[in-house]
Amino acid sequence: TVPDSVTELGAASFYNCRALSKAVIGNGIDKLESSDSLSVYSGGSEEYGAGMFEKCTNLTIVELGEGVTDIQKDCFANSGLASINIPDTVTNIDNGAFYEFSKLKNAVIGNGVKDIGKKAFINCSSLESVTIGNSVRNIGDYGFAFDTALKSVTVPGSVENLGAGCFYKCSSMTEAVIGNGVQALKSYVYDWNEPSGNSELNITGTFENCTSLEKVTIGDGVKEIQIDTFAGSGIKELNIPDSVTSLGKGAAYKCASLEKVTIGNNVTVIGEYAFYNCKVLSNIKIGKGVSKIGAKAFAECPSIKKLLIPSNVVELGEAVCYNDTALEICLIGNGVSELSSASEYNDPGNYINTKMGAFENCTSLKYVGLGSGLTKLEADSFASTALTSIVFPVNATLIDSGAFYNTGITKAYFTGNAPTYIGEKVFYNSPGVVTYKIAGKSGFEDVKNYSFVEFTPVKVKFDMNDDEVF
């Protein structure tokens, strides 16, 4: 027991007191101080501060006096407390204050706390419940990461900065609510340099690998959802509010339970691999502000049946819907100018290059509408699909090799002048294709290997922003 008369407690005063079971801190103490001079080393290189009660493994009861305002670095790291109630007098919880607190089950963070440091509660493997006070403004990187027993979390509206990877691998978490003060769901990105000189990119998203996470409410203050934010999580439905402007690479990568996605109207960019390999994703609504969809954003999603790409989208990344085997119908708005293919080196040593077309291996795809802005269809764009006919838009100038390889196409209609380039084997292994042109259109006499029958087009107009277009 530290009496009220004591006004200063030396740094790390009780460090490694393994038999200590109870500590009462009097009202005269204002900070629980750490010491750098007692630092220990891991592998002889990485330094850690020595906290006030660090490694007090049998410490089960702590009573903090009303004067305590500052809980410093590693203060209770590796101690034995099962619960902690941080009084309203405390304003700061420093980095690693409760680091690897393996017995901690419940934590209440008082309403006076303004800052929670980096890794403050990281790897508290028994922590089931945490209440975050309504004055907290900042939660540092990895604040609650690897807390594998944590069931839910509510981030209050006072929080403006939610650190990168804050809830990474909280594998028991089922629900999260993000208050309106948070501006970004951040990710931690760093390079791991191997001895060989090779560099491997490591990424930890805010809720990445939260495998039980089913429901997330994103506050109206969030503007940015960064790389891998929800990757590998158990989320079932994702509603991106209109406040968000950017959806990062791999944002919901390999979310095995994700069924429905609604993307707000102020999102301008959907990053590459954003929804890659979401096995049960079947319902997608793309907002009216999206101008760019990154490479393979919806690739390897075998449950998508219908997809509307609105006219505000001007750029589709490579292999955007590659191998979406359930996709039956797709309308591509007038803003898109190219369908791009990705390269894959199956034999890197010999540089054997295989193309992956934008909609290649969409084996159920029977109907596709190509917008009037489309000029280029790169290699294998619709290879191995179920298309039986295709209408090329008026501005089509390039149809690359194998664009409709191995399809059921028997009729191909050209509505403009002849493309300036038609590649090899465009309709290879497709049964008896008949090609049509409109009378008076030019350039077809120079197209080799095809003869053209004239036809009179029938105009059909789709409102590409109509939610009921399907």
Side-chain angles (χ1 to χ4, degrees), residues 269-276 284 286 290-301 304 306-325 327-344 353-409 412-428 430 433 435 462 464:
V269 177
I270 299 174
E272 55 188 88
Y273 294 94
F275 300 97
Y276 179 86
I284 303 169
I286 300 173
V290 176
S291 60
K292 179 180 179 180
I293 300 176
K296 299 183 182 178
F298 300 106
E300 303 282 359
C301 293
I304 298 175
K306 301 173 182 179
L307 183 63
L308 167 63
I309 300 172
S311 293
N312 43 273
V313 177
V314 298
E315 182 178 346
L316 284 183
E318 297 175 347
V320 65
C321 289
Y322 175 80
N323 205 31
D324 288 355
T325 52
L327 185 63
E328 296 176 356
I329 180 170
C330 180
L331 296 183
I332 300 172
N334 294 331
V336 175
S337 60
E338 296 185 23
L339 297 182
S340 301
S341 303
S343 295
E344 183 179 61
N353 186 1
T354 300
K355 291 288 187 180
M356 292 183 288
F359 293 89
E360 185 175 359
N361 285 344
C362 294
T363 52
S364 300
L365 184 60
K366 297 178 181 178
Y367 309 101
V368 64
L370 303 179
S372 61
L374 189 64
T375 61
K376 297 180 180 180
L377 289 79
E378 291 192 356
D380 297 349
S381 287
F382 292 96
S384 298
T385 62
L387 292 173
T388 57
S389 64
I390 188 69
V391 178
F392 293 106
V394 66
N395 294 310
T397 58
L398 181 146
I399 304 171
D400 213 341
S401 303
F404 297 90
Y405 170 86
N406 195 32
T407 67
I409 288 180
Y413 299 90
F414 292 81
T415 59
N417 294 327
T420 54
Y421 177 81
I422 299 179
E424 297 180 355
K425 300 180 179 180
V426 168
F427 298 103
Y428 184 76
S430 298
V433 178
T435 48
F462 291 101
M464 299 304 292

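No hydrogens, no waters, no symmetry mates; every other heavy atom, side chains included, goes into these values. Residue numbers count from 1 along this sequence. Everything numeric here is computed off the predicted structure, so don't read it as measured data.
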message: Could you walk me through whether Asn312 and Val290 satisfy the side chain to side chain contact (heavy atoms under 4.5 Å, CB included) test, starting with their C-alpha distance in whole Å, then the side-chain angles of each, then the deciding distance to 0.1 Å, before giving a yes or no?
response: CA-CA 6 Å; Asn312 43 273; Val290 176; 4.0 Å; yes

- request: Carefully, step by step, assess Ile409 and Phe427 under the rule side chain to side chain contact (heavy atoms under 4.5 Å, CB included).
  value: CA-CA 8 Å; Ile409 288 180; Phe427 298 103; 4.2 Å; yes

Can you see which heavy atom on [X] is nearest to which on [Y], and at what distance?
X	Y	result
Gly333	Ser311	CA-OG, 3.8 Å
Ile270	Ala274	CG2-CB, 3.6 Å
Asp400	Val426	O-CG2, 3.7 Å

message: Pairing donors with acceptors under 3.5 angstrom, does anything connect the side chains of Asp380 and Ser341?
response: no

field: Any side-chain donor near an acceptor of the partner, Thr407 and Thr385, under 3.5 Å
entry: no

field: Sole residue of Thr397, Asn395, Leu339 in side chain to side chain contact (heavy atoms under 4.5 Å, CB included) with Leu374
entry: Leu339

- request: Apply side chain to side chain contact (heavy atoms under 4.5 Å, CB included) to the pair Ile293 and Ile286, showing each step before the final yes or no.
  value: CA-CA 10 Å; Ile293 300 176; Ile286 300 173; 3.9 Å; yes

message: So does Cys301 get a backbone contact from the side chain of Asp324, meaning a donor-acceptor N/O pair under 3.5 Å?
response: yes

- request: Spell out, as yes or no, whether a donor-acceptor pair under 3.5 Å connects the side chain of Thr375 to the backbone of Ser337.
  value: yes

task: Take Met356 and Lys296 through the test side chain to side chain contact (heavy atoms under 4.5 Å, CB included) and record every step on the way to the result.
output: CA-CA 10 Å; Met356 292 183 288; Lys296 299 183 182 178; 3.0 Å; yes

Check whether any side-chain heavy atom of [X] sits under 4.5 Å from a side-chain heavy atom of [Y], and report yes or no.
X	Y	value
Val394	Phe414	no
Leu370	Ile390	yes
Lys425	Ser401	no
Leu307	Cys321	yes
Pro419	Ile399	yes
Phe298	Ile284	yes
Thr415	Val391	yes

field: Exceeds 12 heavy-atom contacts within 6.0 angstrom, atom OH of Tyr428
entry: no

- prompt: What class does the angle between the rings of Phe359 and Phe382 fall in, given that below 30° is parallel, 30 to 60° is tilted and above 60° is perpendicular?
  reply: parallel

